Amino acid sequence: MASIFSRIIAGEIPCYKVAEDEHNFAFLDINPVAKGHVLCIPKHEVDYLFDLSDEEYASLMLFVKRVAEALKKTLPCVKVGEAVLGLEVPHAHVHLVPINKESDMNFFKEKLSLPAEEMQQIAEGIAKNF
Ligand code: AMP
């Protein structure tokens, strides 16, 4: 069965889309640890990031870099933090989070719940800068 993220790429499940290229896709995390928390995924469904081919991995990382640049332009921050966990959804994904201090990227604190309009506005802002 297709992963929830493959179903998002296929348009079967809605998302706040941020960016897309031939091999990769980015959208807002539905339970953000901070405003502008983005997930970047390869279109090829692979559970474990390091099972991607060298070409797929390189393509994803260059895509991640472009998304991070657009994210920083949209939501100015000290840095954009990057993390890979992947224990919840078995489709490789890279978390990008705008951070001003270490605790902004704490995956164990209570997640934010932002209004749909704000999520849409953030996604559109990043998309414009991509
Ligand atoms: P992990 O697999 O531990 O890296 O976490 C998976 C991430 O995917 C979590 O941060 C979830 O909030 C996020 N997530 C799960 N389902 C969706 C969805 N339908 N849309 C956006 N983000 C999601």
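Counting convention: from 1, in listed order, for ligands and their atoms alike. Being a predicted model, the structure only gives us computed values, none of them experimental. All residue numbers refer to positions in the sequence shown, counting from 1.
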Exercise. Compare all side-chain heavy atoms of V18 with those of V67 and state whether any distance is below 4.5 angstrom.
Key: yes
Quiz item: Which atoms form the tightest heavy-atom contact between C40 and L96, and what is the distance?
Solution: SG-CD1, 3.8 Å
Exercise. Could you tell me if the ring centre of H23 sits under 6.0 Å from that of H44?
Key: no
Short N or O separations between ligand 1 and the protein, below 3.5 Å:
unit_1: ligand 1; atom_1: 2 (O); unit_2: L87; atom_2: N; d: 3.4
unit_1: ligand 1; atom_1: 2 (O); unit_2: E88; atom_2: N; d: 2.9
unit_1: ligand 1; atom_1: 2 (O); unit_2: V89; atom_2: N; d: 3.1
unit_1: ligand 1; atom_1: 2 (O); unit_2: H93; atom_2: NE2; d: 3.1
unit_1: ligand 1; atom_1: 4 (O); unit_2: G86; atom_2: N; d: 3.0
unit_1: ligand 1; atom_1: 4 (O); unit_2: H93; atom_2: NE2; d: 2.6
unit_1: ligand 1; atom_1: 4 (O); unit_2: H95; atom_2: NE2; d: 2.8
unit_1: ligand 1; atom_1: 10 (O); unit_2: D29; atom_2: OD1; d: 3.3
unit_1: ligand 1; atom_1: 10 (O); unit_2: D29; atom_2: OD2; d: 2.5
unit_1: ligand 1; atom_1: 12 (O); unit_2: D29; atom_2: OD1; d: 2.6
unit_1: ligand 1; atom_1: 22 (N); unit_2: I30; atom_2: N; d: 3.2

Self-check item: Hydrophobic cluster membership, L71 vs M61, 4.5 Å side-chain cutoff
Solution: yes
Quiz item: Are the side chain of H93 and the backbone N or O of H91 linked by a donor-acceptor pair below 3.5 Å?
Solution: yes
Exercise. Identify the residue among Q120, Q121, K128 that makes a side chain to side chain donor-acceptor pair (under 3.5 Å) with E124.
Key: Q120
